[in-house]
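This chain uses plain numbering: 1 for the first residue, then up along the sequence. Just so it is clear, the model here is predicted, and its values are computed rather than measured.
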Amino acid sequence: GWQEYYCASPKIVQAVSLPDDLPGTAALGVMGGTGLTAYFGLLEVGQAQSGQTVMVSAAAGSVGHLVGQIAKIQGCQVVGVAGSDVKNARLVDELGFDVAVNYKSGDYRTALKEATPKGVDVYFDNTGGFVLGSALFRMNVGGRIACCGVVSQYDTSAPEPGPKGIPGLLINKRIVMSGFLVFDFANAYESARAQIAGWLDSGELKSLTDSVDGLSAAPEAFVDLLAGGNIGTRIVSLT
């Protein structure tokens, strides 16, 4: 629930130890569920390897902006997809993405083709819908798709249909398309957090947040998030 106080059994909560130079909000973002989702989704599910091309949708979002940076750390070519030129400029200029494409532009598919001249080896999907469809047609033989979210269907009365080409493209290109939950990797959380903390300390990884004040602002902030209004992890501050 969205509430100021919460009573829980110790058995269902987990203490998160943060480096001294990180704010407590990091437990909600880069050192919490979103950072772990990016880490395991890209490295364990997507199996991203140096020299490969990684495409990530909702690339300016809480998970997406971390996925792209981790892919760069691994030595990958990174293509982000977001919904505004302002977001895409930050992805490239501030976070080190190689290129970013605006899916709302009229020439999106042409721009994506130009941004992925060698095709896509790993696609990290946060959106579903036509962006997933566009990625499917750029996938290389033996490519991997990590299905993390379906934001195109969360806040609409007319969700986009599933993309064309399934299962045909999966079969012909031997593509592995896997859904996952971060809880699947609970036994490895601590080692992942240690790795993420190291990247933050070295400056290789940056965590972006935007925040709103007060619980009364949460509903509007949540709707705006689903509409793509955030960059990085959106946090509702109660103090």
Using distance only, find each side-chain donor-acceptor pair of residues 128-150 under 3.5 Å and give its atom names and separation, not counting sequence neighbours.
residue : atom : partner : partner atom : Å
S134    : OG   : Y108    : OH           : 2.7
S134    : OG   : V131    : O            : 2.7
R138    : NE   : T116    : OG1          : 2.9
R138    : NH2  : T116    : O            : 2.5
R138    : NH2  : T116    : OG1          : 3.4
N140    : ND2  : K118    : O            : 3.0
N140    : ND2  : D121    : OD1          : 3.0
R144    : NE   : G46     : O            : 2.9
R144    : NH1  : G142    : O            : 3.3
R144    : NH2  : G46     : O            : 3.4
R144    : NH2  : Q47     : O            : 2.8
R144    : NH2  : Q52     : OE1          : 2.8

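- Here the shortest heavy-atom pairing between T34 and S62 reads CG2-OG, 2.9 Å.
- Atom CD of E220 has 12 or fewer heavy atoms from other residues, nucleotides or ligands within 6.0 Å.
- When side chains are defined from C-beta on, Y189 counts as touching L36, because their heavy atoms get closer than 4.5 Å.
- Connection of Y123 to F97 is not established within any shared hydrophobic cluster, with ILVMFWY side chains joined at heavy-atom distances below 4.5 Å, either directly or through further cluster members.
- Looking at heavy atoms from C-beta onward, Y103 lies out of side-chain contact with T127 at the 4.5 angstrom threshold.
- Minimum heavy-atom separation, V67 to A38: CG2-CB, 3.5 Å.
- Contact check for V120 versus V79: no side-chain heavy atoms found under the 4.5 Å cut-off.
- When all heavy atoms of V78 and A71 are compared, the closest pair comes out as CG2-CB, 3.5 Å.
- In this structure the side chain of K113 never reaches within 4.5 angstrom of the side chain of T110, judged on heavy atoms.
- Of all heavy-atom pairs between T233 and G29, the closest is OG1-CA, 4.1 Å.
- When all heavy atoms are compared, the tightest approach of I196 to G35 is CD1-O, 3.8 Å.
- Residue pairs meeting the side-chain hydrogen bond (donor to acceptor under 3.5 Å, both in side chains) criterion with at least one partner in residues 7-27, sequence neighbours excluded, are Q14-R193.
- Considering all non-hydrogen atoms of both residues, A115 and V101 come closest at CB-CG2, 3.8 Å.
- Here the options are F40, F185, F124, the test is side-chain contact (heavy atoms from CB on, under 4.5 Å), and the partner is V45; only F185 passes.
- Annotation: side chain of N126 is in contact with side chain of V56 (closest heavy-atom distance under 4.5 Å).
- Although no hydrogens or angles enter the test, the distance criterion places a donor-acceptor pair under 3.5 Å between the side chain of H65 and the main chain of L208.
- Two residues are said to be in side-chain contact when any heavy atoms from C-beta on lie closer than 4.5 Å; V236 and W2 fail this criterion.
- Note that OG of S50 is 12.5 Å distant from CD1 of I73, once rounded to the nearest 0.5 Å.
- The number of heavy-atom neighbours closer than 6.0 Å to CG of N187, taken from other residues, nucleotides and ligands shown, is 12 or below.
- The number of heavy atoms from other shown groups lying within 6.0 Å of NZ (K173) is above 12.
- The main-chain N or O of D98 is never found under 3.5 Å from a side-chain atom of Q77 such that the two would form a donor-acceptor pair.
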